[in-house]
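Data block below; observations after.
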Amino acid sequence: MAPTPNWLRRRGARPEAASDALWDICPHCNERLYKKDLAELLWVCPKCGHNFRISALDRISLLADGDFREVAEDLMTGDPLQWTDRVSYVTKTAGDRTKSGLMEAILTGFCAIDGVAVGLGVMDFAFRGGTMGSVVGEKVTLLIEECGRRRLPAVVVCASGGARMEEGMVALMQMAKTSAAVARFAELGLPFITVLTDPTTGGVSASYGFQADVIIAESGAAIGFAGRRVIDQTIRQKLPDGFQSSEFLLEHGQVDMVVRRADLKPTLGRVLRFFAARLAAVPA
Amino acid sequence: MAPTPNWLRRRGARPEAASDALWDICPHCNERLYKKDLAELLWVCPKCGHNFRISALDRISLLADGDFREVAEDLMTGDPLQWTDRVSYVTKTAGDRTKSGLMEAILTGFCAIDGVAVGLGVMDFAFRGGTMGSVVGEKVTLLIEECGRRRLPAVVVCASGGARMEEGMVALMQMAKTSAAVARFAELGLPFITVLTDPTTGGVSASYGFQADVIIAESGAAIGFAGRRVIDQTIRQKLPDGFQSSEFLLEHGQVDMVVRRADLKPTLGRVLRFFAARLAAVPA
Amino acid sequence: MNVIVELEKPLLELESKIEGLKRLNETQRVDFSVEIRALEAKANQLKAEIFGNLTPWQRVHLARHPRRPLALDYITALDGFTELHGDRTFRDDPAIVAGFAYLSGMPVYVLGEQKGRDTKENLYRNFGMPHPEGYRKAQRIMKLAEKFRRPLLTFVDTPGAYPGIGAEERGQSQAIAACLQLLAGLRTPIVVNVTGEGGSGGALGIALGDHIIMLQHAWYSVASPEAAASILWSDATKADEAAKRLRLTSEELSEFGIIDEVVAEPLGGAHHDTQDVIRRILDADKRAVRRLMRLPTDELIDRRYEKYRKIGAHTELLHGRAAR
Amino acid sequence: MNVIVELEKPLLELESKIEGLKRLNETQRVDFSVEIRALEAKANQLKAEIFGNLTPWQRVHLARHPRRPLALDYITALDGFTELHGDRTFRDDPAIVAGFAYLSGMPVYVLGEQKGRDTKENLYRNFGMPHPEGYRKAQRIMKLAEKFRRPLLTFVDTPGAYPGIGAEERGQSQAIAACLQLLAGLRTPIVVNVTGEGGSGGALGIALGDHIIMLQHAWYSVASPEAAASILWSDATKADEAAKRLRLTSEELSEFGIIDEVVAEPLGGAHHDTQDVIRRILDADKRAVRRLMRLPTDELIDRRYEKYRKIGAHTELLHGRAAR
Ligand SMILES: [Zn+2]
Ligand SMILES: [Zn+2]
């Protein structure tokens, strides 16, 4: 396993291990995999190529060259609806914080990817299914605004079940807020790139997820607007093979490329170098 | 029959009657129709509603309120390819001039439609199948440029078999020339409206025909990129019902509305009044 | 079954009895005016009992009432509505109507999510659930509004964007996302009317604007109560529970600052006086458009940005921004 | 059957004989160099005979030669080509490839109409005949080029836009028309390379630009010779006749001022020295891009307008404009 990067050591918080088991089972091919090996394998099943869902921390380790300077790290959600069902929203998010080692479903900050300075946001499915509430919307907006001020490309790695129910319309409005930030950023002529990972649906796919100049899908991810269950219940007919997979979206013209996890960093580097290159730097 | 308008009497030239027959046969329902009645009926079959193809002169009579001040009326095509097959291109166009009473496949000028001042171009299928060569391209471009200078809406009624073979690439380049004129006109924030009549295909549909802010199709027209014969020969399978009809295009989202000939002038008037109204004229 | 339609039944019976007596009163010699007044008093009392204290879930049903005014009822009440069709790419989506009209003489572009009145019409309109091509037609209209500097009026009434195979294949997410980006930067005033159901992203796709008006008994939510119950508790029958928790009523959304103006409905809902409700909505639109048209465009866009920029609920804020 | 492939056969036999002798020369003691020289002289003579005086119709076949370099051969010869996919609406069309790359260190966007090398690949690429979604993907790339102020390079090689049911349903006309309008006003330099077949509107859709380069034996025409013969004489077999009349060769189009620069091919066509031809094309691109990038954008757009504005052949001109 790779040594823990400085920024991560500094950060302190680490997620609790989900279980003490030494082995993980690949949900795709049922292969038994030794947990300690998985990090070396980039959390990709060596037998079938299935990408395990990974934490935002691990994703940043995979992408950032060295240091990752986190911003807005203390932002914590309120409870606008005073939500309670079986347990209160406050209790739920407190649990997620402990479990994930994160304050919220996204980490944002600044780093270099393959040598290119960027603003980077990475969502984490382990926190409320990566849903977008106030904090995700605010952090994405702050990141894009700050990229605008620093004239840096913005990159967001998406993993989200959509808008967060427990924040109601305040959550839905984060789609509008982030869209407005993207619209301003686009007018500055700066590049915005998203990476859609498993799963990217609902309010995140229908806002900044699909507003980027270049949209990269990680292989084998489920990407769509409506969840499969909702579609099943609505149309009650067999879904096509590979429906809502990254590869399906590529064929249907929705994403620019499908990239394997191992190729993600060099691919992002290639794209960023092109989009970030200044015309002035070009030999005449 | 309506009295001949002044502009038309002034114009002098009239097409030769295609035949001396007193009767026309509706190509759609085979109804025998007394020719003298057809003008009163707006050249629409009273039995089945089929729109007979009509001359540019008749179309202008249908649309213009009163006077139509023709421009670029003397523009005559050259013979850039020195084309000859069974007969020379020069002979062909000379024949078309006599037969149609027109110098070329389009008339352009200025008039009012339902009270709104516009630049109006009307194509005529009787001249080389309404094909676009140098003169059609030039006259459309001049009309749009002049509308830009006068800050008037531009309306073009299309009827065309596409680019004119006998002018080769000079004809194809008219697509580029007219597109450039439309692009400039659009940047001025002025409205451009096209009416697609039977038939509108090829180089005209793939340039200014489909570049308008509002696209109106006359009912029952054949509209498309490729001709039916070409498609038949390429795919060798049954074409869907109503393929390439105005109504088919409406369903497929390609045109804003399908309008019967009798409704065309009031509809154009309604659209033009809206698009031509100055915000300044609005009560606060 | 619509719970409001059920609740209304005794009231409708009573009202039809009153009508009958009134007809008798006119045609017969006997005077029933005392009985009529008594029955009318009873009807008013019944109305107050039924509608005076509706639960959020009942109000959701009020917003779905089969006689509630639909988008086209408002749109055709404008002068000279002319419909424009198609996305220029794939299909004309009847679940979104688009075009132009005059609001008290002012040229405006309009967009509305349109349901049907009966089964046949609902199949044609896909129950007001747009496909991506509907949102792409909407984008075309938004761009026209910007190009010709006319205000854009939208009427929101959808259970949600359609969740189907074709919709996913043709990029429902992308279509809505593109609407949002376009609306956020659109250099012309945008006035939004949430008149019926405001179902999630499918509603928001045409609901990002400068001034958001909501009818009193419309609902607007991050998810329909059924969907939320299904997502949260895997049990769509708990929709009434979800309706309560989601804070989807006009009063609550006003408090959150998400809705700018609530237009009152008559007791019993908009369908009890459709013409009056339409007039109130269009009056509100007129006031909003006139006010917004006085703003310089850059200021309009800046205010729109700030309007959405400040929505959120978080406790530790960067840059000293005040938390909700 | 490709007539050039037929014509080439004796030449290829001779060349393979020469190759055989050369191998013998290296491995055996006997010296065949005299014989080799004699055969080489004969081969050159044969080549000159075959290719020295091709008819337009034969040149059309040269442009369709199965070994002729295709769009991706040029594009992948650029540095760091990265392909971008999809129209964000309906489908990724493999008949148009799109992406970005570096031309001698300069970041450029690229578009190309791409045929296949074999049947399987041709079915995938639809023989280089784009659908509307291909032109819509192209529009996406054009907008990126404008947004990020990078030059756009296009490689034209198509028999034409696809004439099929789906293509018509999804608006082939609209898709090409939108490309033309976008290219006409695109605020970044556009360099076009017609490298193979320039089939009508399907070619023009990505061929409106500031500097139009054409390979010597490419063809570019208002219609393919077959289509023109069919349209004019209802007889596609008269394609050779049409090819002659249409003036579709690089020399003729240069004279008309429609092509700005012709890049020479080796005797026998581009496939006789693919690497050299690619290098020549990219050199021409580089010169053009560098020159165009020095122009202020407004001047670039004005010049582009004038470039097309003046194409035409008419005898009575308004405003005293000179006739061709
Ligand atoms: Zn596996
Ligand atoms: Zn008839």
Side-chain angles (χ1 to χ4, degrees), chain A residues 71-72 74-81 83-85 133-135 137-138 141-142 163-165 167-177 179-180 182-184 186-187 201-203 205-211 223-227 229-231 233-235 237 239-240 243-244 252-254, chain C residues 160-165 167-185 198 200-201 203-205 207-208 220-223 227-228 230-233 236 241-242 245-248 252-253 256 258 304-305 308-319 323-324:
Chain A
V71 296
D74 297 331
L75 228 52
M76 198 170 84
T77 191
D79 183 14
L81 309 196
W83 183 282
T84 299
D85 45 75
S134 299
V135 175
E138 182 69 17
T141 303
L142 285 170
R164 192 172 296 170
M165 291 301 127
E167 294 191 30
M169 281 295 283
V170 178
L172 193 77
M173 288 299 123
Q174 304 308 310
M175 291 172 69
K177 183 161 94 178
S179 296
V182 172
R184 282 221 161 163
E187 273 163 27
T201 60
S205 68
S207 61
Y208 56 86
F210 274 98
Q211 287 165 347
I223 301 163
F225 178 69
R229 201 171 52 183
V230 178
I231 297 172
Q233 284 167 3
T234 309
I235 62 169
Q237 65 185 76
L239 298 175
F243 184 65
Q244 293 188 326
H252 286 282
Q254 302 297 326
Chain C
Y162 188 64
I165 294 174
E168 293 290 327
E169 287 177 338
R170 299 193 292 278
Q172 192 71 284
S173 290
Q174 196 278 343
I176 294 173
C179 278
L180 296 178
Q181 186 172 348
L182 196 50
L183 287 172
S200 192
L204 183 61
L208 191 166
Y220 190 3
S221 171
V222 65
S230 168
I231 291 165
L232 287 162
W233 310 306
E241 184 77 10
R245 302 209 189 285
L246 285 166
R247 312 293 174 96
L248 45 66
E252 289 161 306
L253 295 174
F256 285 126
I258 287 167
R304 192 184 303 153
Y305 191 84
Y308 289 98
R309 183 67 191 84
K310 67 175 194 279
I311 301 178
H314 29 83
T315 52
E316 300 268 312
L317 276 165
L318 218 66
H319 309 313
R324 166 174 298 276

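The chains referred to below are lettered A, B, ... by the order of the sequence lines, with proteins before strands, and numbering in each begins at 1.
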Looking at chain C, which one of [options] has the largest number of heavy-atom pairs inside 4.5 Å, strictly under?
{"options": "A:D79, A:I235, A:T201", "value": "A:I235"}
{"options": "A:Y208, A:F243, A:F225", "value": "A:F225"}
{"options": "A:Q237, A:E187, A:Q254", "value": "A:Q254"}
{"options": "A:I231, A:L239, A:V230", "value": "A:I231"}
{"options": "A:Q233, A:R164, A:E167, A:R229", "value": "A:R229"}
{"options": "A:G133, A:S207, A:G253", "value": "A:S207"}

Taking every non-hydrogen pair under 4.5 Å, which of [options] racks up the most with chain A?
{"options": "C:G185, C:A242, C:S230", "value": "C:S230"}
{"options": "C:G201, C:A223, C:A228, C:S221", "value": "C:S221"}
{"options": "C:I165, C:L246, C:I176", "value": "C:I165"}
{"options": "C:Q174, C:Q172, C:R245", "value": "C:R245"}
{"options": "C:S173, C:A184, C:A167", "value": "C:S173"}

Where [X] and [Y] come nearest, the two heavy atoms and their spacing:
{"X": "A:S134", "Y": "C:H314", "answer": "CB-CD2, 3.8 Å"}
{"X": "C:V222", "Y": "A:A163", "answer": "CG2-CB, 3.5 Å"}
{"X": "C:G312", "Y": "A:Q174", "answer": "CA-NE2, 3.8 Å"}
{"X": "A:T234", "Y": "C:P163", "answer": "OG1-CG, 3.5 Å"}

Contacting moiety of [X], where chain A heavy atoms sit under 4.5 Å:
{"X": "C:R304", "answer": "neither"}
{"X": "C:L232", "answer": "both"}
{"X": "C:L180", "answer": "both"}

Inter-residue atom distance [X].[atom1] - [Y].[atom2], 0.5 Å rounding:
{"X": "A:K177", "Y": "C:K310", "atom1": "NZ", "atom2": "NZ", "answer": "11.0 Å"}
{"X": "C:L204", "Y": "A:L172", "atom1": "CG", "atom2": "CG", "answer": "5.0 Å"}
{"X": "C:L253", "Y": "A:M173", "atom1": "CG", "atom2": "CE", "answer": "8.0 Å"}
{"X": "C:Y305", "Y": "A:R184", "atom1": "OH", "atom2": "CZ", "answer": "5.5 Å"}
{"X": "A:M175", "Y": "C:C179", "atom1": "CE", "atom2": "SG", "answer": "10.5 Å"}

Sub-4.5 Å side-chain heavy-atom contact between A:P80 and C:R247:
no

Do C:L248 and A:M169 have side chains that get closer than 4.5 Å, going by heavy atoms?
no

Measure distances from A:Q244 to the heavy atoms of chain C and classify the residue's part below 4.5 Å as side chain, backbone, both or neither.
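Side chain only.
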
Test salt bridge (charged side-chain N to carboxylate O under 4.0 Å, His left out) applied to A:E138 and C:R309, step by step:
CA-CA 8 Å; A:E138 182 69 17; C:R309 183 67 191 84; 3.0 Å; yes

